[in-house]
Structures are given as structure tokens and as C-alpha cells.
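Since the structure comes first, as C-alpha cells, the remarks are kept for the end.
In what follows, every chain begins at residue 1, and chains take the letters A, B, ... in the order their sequences are listed.
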Amino acid sequence: MTLWRYEWTLLLRARVAVAGLALLAVLTCASLVSGVQRMDSQRAAIERIPALQQTDLAAVIDGHGDSTDAGHAAYYTFHPTWNAPAPLAFAAVGMRDVAPYILRVRALGLEAQIHDGDTFNPELALAGRFDFAFLLTFLLPVFVIVLFHDLRSTEAESGRERMLRALPHPLPRIYARRAVVRGVALLACVVPLFVGFALHQGVSAGLIAAVVGLTIAYTVFWIALALLVARRSWSSSTNAAALITVWATIALVLPALSHVAIERTIRVDQGAEIARAQREAVNHAWDIPREITMQRFYAHYPEWQDSPPLGDGFHYKWYLAFHQNGDDSVADRAAAYRDGIERRSDAAARLGWALPPVGMQAVLTRWAGTDMRAHLAYQDRIRAYHGRLRHFYYGYLFRDVPFTADDYPRAPDFAPDHR
Amino acid sequence: MSVVVAVMRNELRAMARTRTAVAGIVLLAMLATVATVVSLHHMADAADYRERQQAAAQADFDAQPDRHPHRVVHYGHFVYRLPSALAAFDAGVDPFTGSSMFLEGHRQNTANFGDVMQGSVLTRFGQLTPAFVLQILAPLVLIFLGHGVLAQERERGTLRQLMLQGARLRDIVAGKLAALSVAATIFMLPAFAGLAIMAARPGASVTVAVVLMLAYAAYLGIWCVLIIALSTLAGRRRDALLGLVGIWAVMALLVPRLATDAAYAAFPLPDRLQTDVGIAADLRAIGDSHDPDDPYFADFRRGVLERYGVDRIEDLPVNYRGLVAVEGERLTSGLFDTYAARSAAIQDRQNTRVALFGALSPAIPLRQLSMAAAATDLSAHLRFLAQAEAHRYAMVQQLNQLQADAVDYADDTARDADADRRKRVDSAHWQAIPEFAFVPEPAGRLLQTMLPAAAVLLGWLLVAALLLALATRRLGAAR
């Protein structure tokens, strides 16, 4: 027991080590605060939705006047959808600083709406966020390298190793003890702070334990690497150089190279092409006999085919039908586009098995619900909701049911799927 | 002078003899080459693709049949931004902003489909461009090569021997610095060769490219000087290495992100929902063109009737609906512009705040300068948005005017079965609408925007040089 205490004393007596550990704790705290602030601002934006929506809807209802045309309501009413951050999102901001997390949709063609982005400053997005995931992935290894690169070599360099060898305690055990002490010191600067913030944010105990486990595993990986290098009995500076090289290679160089490789091998139709094809299909409807449009629509949605025939005048059911036909005409391409993006992000996640920093980001953003898959899931929810919205308006339009001011609140609400 | 050259030659020979040093130099030079080739290829692909898409979009637009002009307003148009001449050197915000935009009446859309929304988490690990290699990786390799050049001499006590032979400390330090600079030059060559190819293309400015090269040379120069200074100050190689890696991690990775957070916290940006609802509310405050009793549009109608000296809308020589469309678009666009300008001003303030952090890291001014030179920064993107908006407005107003002039009011309001045919206008009209062509910022203006960042970089170079002079003097005194 006393030996352990000596080892701690030894570590805490080194001014550089203590300063380093203090810096790590400060940075950890800063990264957690930054993530929480970011998510708080997103939650505040989501909380603003009802009030803003109220204002907008009141004006739409007001504009409706005495008309009983559901088409007017379908055309002018925007319905909000949102993607609330999961409790753990503060730890890994992921895509949430570039992907829209609030999107209003109308019952018109969805393909023209679903890819709209929110306003963000691209230069800030380019630099990336200083979140907990960044701290773990990129900075923690540097601290491990600083503390572990001379675990053994410093004894050899100072000539103490021969003396230690002469002692009755086996040398490997001394080094093992030292490694454990330093590893625990590092984790002590990171883990309790994270657990505190996570509890405060209401993250489930299981998920907290999982992140802590992941943090420990990732730290152990870097410590093991450092110990592996230490076995070569190089000088301290050679050890440090070798470790930093490995770090830069697997955290910066290989991910950048793999990114190029993935983009090249998994081809994805550009989204703008699909949007254009949809626009073409929608506008074409103005130039063809309206019956053709209706037949095409009824073929997909037979439940409405008993609707009375179109008269000479404009009818919104025709308008909404050709918007739907436009979406349906690119449905396959839109699905392929979505799958392509998913395959790209899955490929990147698989790469995480080979490159721990990539894996760390992939797993953390997955758990935090801030990765590409979470964004695609949000888009899927928007699609499902859009389907319900259309169905709601069709019920009035295709049956010629009058739509009054009282009917506006009957529109289905978006159901955010909380993880 | 000969001492400097001798020390430099000696140092280079030592590097050439160390396997790890040679490996480091070769690897980074290779990486710079790969990044240059890949990036050139990627941008050529992107340019080709966007050009084809733009042509296809234009062909679709022109191929529209005879239509009511307002249909064309809603048909809209897609515009694409071609990559700038130097975009392959520094992709900047390109992967985040997207390069296509849909233009339509009554609406101001965002550019979308950026790479970051069509890719994986890896986009965020850094794009493999020459700029990334030189900004982030090159300093790290220079640290490996240079951290020991003086610390080692001190550790082994060889410095004293050198000086006993009559070499001045200043010359020794200068020689070592020169040797490290040779390595830095090797790193820059592939990227600069690529840059030269890009600069030779039409539309590129050679002056901008040269200034960009000088800025990168200054940046790596700052690192070389800092490395030698730290190596001179540190008693041991290991301390020099750890100190330098720490400085690198802070300057290259940490400070840019801290700056981002600070800028974000200081100047929050209104989100799209707030903006859209705000615009809609402002519009309603102005008036409702569909409401016959609306005061604003009642005034407008009175003005129109007066101007033409008639009493009834039906007697106007032009289609009143078209005039209302023109007026409505003028009002909405005015609001779009106001809100867009507000958002741009906030983003600009955010970037100015980031620039302040240039005092903590030379990577920040370099990055801002590099993106500005490559025309891949926020202001280039906003320029695209502004020009696209101007194009949208001109196109929509031309079509609205066409509705006023070429569609008969009686036909426009008719609801009989044949009315739809009578409202249509010859398709030759939209083929006459001028095509969108993005005009990049002139080189002179670019150079002007690059100036502040260049000044900060020079300041850094000066401070680093001062540090080195101090370190050299201290070493001289300690000897």
C-alpha cells in the first residue's frame, strides 16, 4: 500500500505532470460546458416553436376568411417538425451544428422541402466544435503520450533502472504500478466531471456507464500503445516522437485519406439532381390533361379514387395530387440517395474498428443521437409525418368536406420520437 | 556567413543520416503531393459536374412549353456555383455550404446539398487538401525534425566544442534554422506546384497565388523559428519536444475551436424558423394583395389607376394582376434582403471575433487568409448567395412584367375551360432571360481582404524572431 502512495507522491511532485493534469481537467470542464450551452440553445429554439407557430397559424386562419377550401389551408399552413437533442447530445455535438433540427413542412411535394438547411456560419462549422468527443478523441491521447512516453526510459536514462533491478521488487511490477497510477490520474481529470454533467443532463445510468467504459477503453488503448513503444528501450524523445506519429497518422492522416476513398467508392447521386427531377415532374402536370394526373395518383392511392370528377375550374386536389406524383416519381432515387449516405456513414463507422479515433467519434455520436443515422431517422420521421398531413387534407379535399377555422387545430401534430 | 552554411550543411547531412528524419520528410512530401493531386482531381470533377448540371438546368428551363408567366415563376431555376480557380488548394467552407441553389418566386432558398450532408463523420476530420497538410501536419513534422537541433547539442555538450572552434552562437542558430527551413521548403513545393497550375488557369490571379504562397512560407517560417527558439531554451530534447507538441496542439487544434465557441456565444444567429415567421409577419404588416380592402394595396391600385387615367382595373392597358405580382415581389424581396443582410452581418461579426484569436495562434490568420485567397470563405459564399438572389429577383420581375404586358386581364381572371390556353405566353420569352453567371471578387479586392491576416502573420513572425533572439542571447549568457 505504501508503495502505491509513493508512486502517487512521485507523480504529484512533478510540476509538469500536475500542471498537465490540471489543464486536462480545465479543458474537460470547458468542453462539457460548451456542449451543454450548445444543446441548451437548441432546446431554447425548439421551445420557441409553439409561440412562433401560433403567430403564423393565426395569420393563416385569418387569411382563410370565409372560404371553406381545404386546399387553401393545405397550401398556406406550415407544420413544424423538430429533432430534440438526446440527453447525451452535449457530449458529442456531431452533425447537429450543420444539420437542421427544426424544419417546417407543407402538404406539398416533400422532396422540395426536406433538404432545406438552417442558417449557420460555415466558417464556424468548418473549425468544428470544442466538445467532449473532441477532447477525448484528439486531446486525451496527447496527454497520455506526455505522461507515458518516459515511463521506463526516464529510469534508464537517469541510470536508476540498474538500481531498481537490484531491489527485491520485480521491475515489471513497478512499471505496471506506475502505469496504473498515471492512468487513474488521467481518468480522474475526465470521468468524474463527465459523470457530473451527464447526471445533471439526465443521461441514463446505463449510458453514462457505457461512455465511461468507452473512455477507459480508449485511454487503455493509448496507454497500451505507449507501453508497447516503451518496450523498445528507445530514448524518451524517440518514444514521444513515435507515439505522436502514430497519433497523427490514425487521428488525422488516415481519416482524411479514407474519407476520399469512401466518397469515391460509394457513389451517391447528388441531391440537387433529384430535386430537379421532382420539380420537372411537378411542373409537367400543368401541361398535360388533368385526368392523366389523377389516374396516376389514384393508381398509387386507390382509397381516394371514388372522389367526384374534376370540374372545369381549379381544384386543389389536382394540385396536391401532382405534387404527390412528383414525389412518387423520384421516390426510388430519393431512397437510393438516402441509402447511399447511410452506406457512407456505415463505412466510416466500420473504419472505426481499425482507427480508434474514428471509432470513438462514431460510437459517441451514435449514442448521443447526433450522427448521420440520427439525422436520417429524423428525415424518416418527417416523411411519415408528411404522409399523415397529406392524408388529413385529402380527407377534406377528395370528399369535398368544407374546411373551416375550427379544422386547423385538427391537423395531426408532429410526434418527436424521443430516444 | 560561411559558418552558417557549414552548420546548415552539417545539420542537413545529419537529417539525411537519421532514418526517422528522412522518413518524416519523404512521408510529408508524399502526403502533400497526394493531397494536391487528389484535390485537383476532385475539384476538376466537381467543376465538370456542376457545369453539366447547370447546362441541363438551363436546357430544362428553356424547354418549357408556352406557359402562363407565373407558372415559370414557380417553375424556378437552379443555379450552380463553379469551384473557384484556387479551390483545389483550400476547399474552405465549400463542403459545408453546398454549391447549388433553387431560385423561385416569393421565396429565398438556401444553398443546400453540401458534402457534409451527403457524406460521413469523416468530413469533420479534415479534408485532404494541400491547405490541410501545410496548416496542420507540416508544423508537426517540422517539430519532430527540429526540436532537438540545439537541445541535443546542449545535452551532449557539443555546443561548447563548436564555439571553441570559433563559431559564433548566432551563426550556429542561423545555420540550424536554415536547415529546418530547407525541410519546410520541401514540404511546400508539391502544394505550390499545384497552386502554380491553378494560378495559370484563366480567371485566376497570379498575384493572389503569390501572396498566398508567401503567407504559407511565413507561417511555416514562424514554426521553424519557434521550434529553434524552444529547442534553444529547453535544456533537454524531450522537454523541447513535449513543449512544442503542446504548443502545436493548442495552436492548430484547440484555439480554432475555442474561437468558434467564443464567437458563437457572443453573436447568436437567428434560426430559419424565426426568420421565416418574422418575414411573414412583416409582410402582413405591409398589406395583403388578395384583400380588396387592404389599405396598402388599395393605395397601390389607386396609384395605378391614376397613372393610366382610368377608373376601373378592367380598363387598364396592362394586366393589373401582373402589376400586383411585381409589387408583391418587390416587397418580399426587400424583406429578404433586410433579413439576409442582418444574418450576414452577424456571421461577419462572428468571424471578426474568431480573427481576434489570431493573437493566440498563427493558424487562424493563415486559415482566414488562405480561404479568402482561394475564394472559399464565408464572404465568397455570401457573394454567391447575393448574386443568386439578384438573379432570382431580376428573373421573377421580368416574368411578372411579362404577365402584366402579355397576358390579358380578362383572360387571366377567366375560369372557363379554354381560359388556360389563352393565358399562355410564347416560350421564346423565357429563353430570352439572361443566364446566371457568378462573378467572383476581383483580385484587387481579394488582396485587400487578405491584408489584415497577412499583417497578423508578419506580427507572429516578428514575435517568433524576437523570441529566438532572446533565447540565443540567454544561451550565450548561460554558456
Which atoms of [X] come close to chain B, meaning under 4.5 Å heavy atom to heavy atom: side chain ones, backbone ones, both, or neither?
X	result
A/Arg48	side chain
A/Leu351	side chain
A/Arg264	side chain
A/Leu139	side chain
A/Ser31	neither
A/Ala112	neither
A/Ile262	side chain
A/Phe120	both
A/Asp287	both
A/Arg276	both
A/Val98	both
A/Arg38	side chain
A/Pro80	neither

Aromatic ring pairing [X]/[Y], orientation class (parallel under 30°, perpendicular over 60°, tilted between):
X	Y	value
B/His70	B/His68	perpendicular
B/His77	B/Phe61	parallel
A/Tyr319	A/His323	tilted

Decide yes or no for A/Ile244 and A/Ile145: does some side-chain heavy atom of the first lie under 4.5 Å from some side-chain heavy atom of the second? yes
Mind ranking B/Asp66, B/Val277, B/Asp261, B/Ile143 by heavy-atom pairs under 4.5 Å with chain A and telling me who comes out on top? B/Asp261
Taking B/Pro256, B/Gly119, B/Ala280 one by one, which has the highest count of heavy-atom pairs under 4.5 Å against chain A? B/Gly119
Residues A/Arg279 and B/Asp60 bridged, charged N to O under 4.0 Å: no
Taking the six-membered ring for Trp, are A/Phe138 and B/Phe125 ring centroids under 6.0 Å apart? yes
Give the member of A/Arg344, A/His115, A/His375, A/Glu123 that has the highest number of heavy-atom pairs under 4.5 Å with chain B. A/Glu123
Identify, with sequence neighbours excluded, every residue that meets side-chain hydrogen bond (donor to acceptor under 3.5 Å, both in side chains) alongside A/Asn121. B/Gln350, B/Asn351
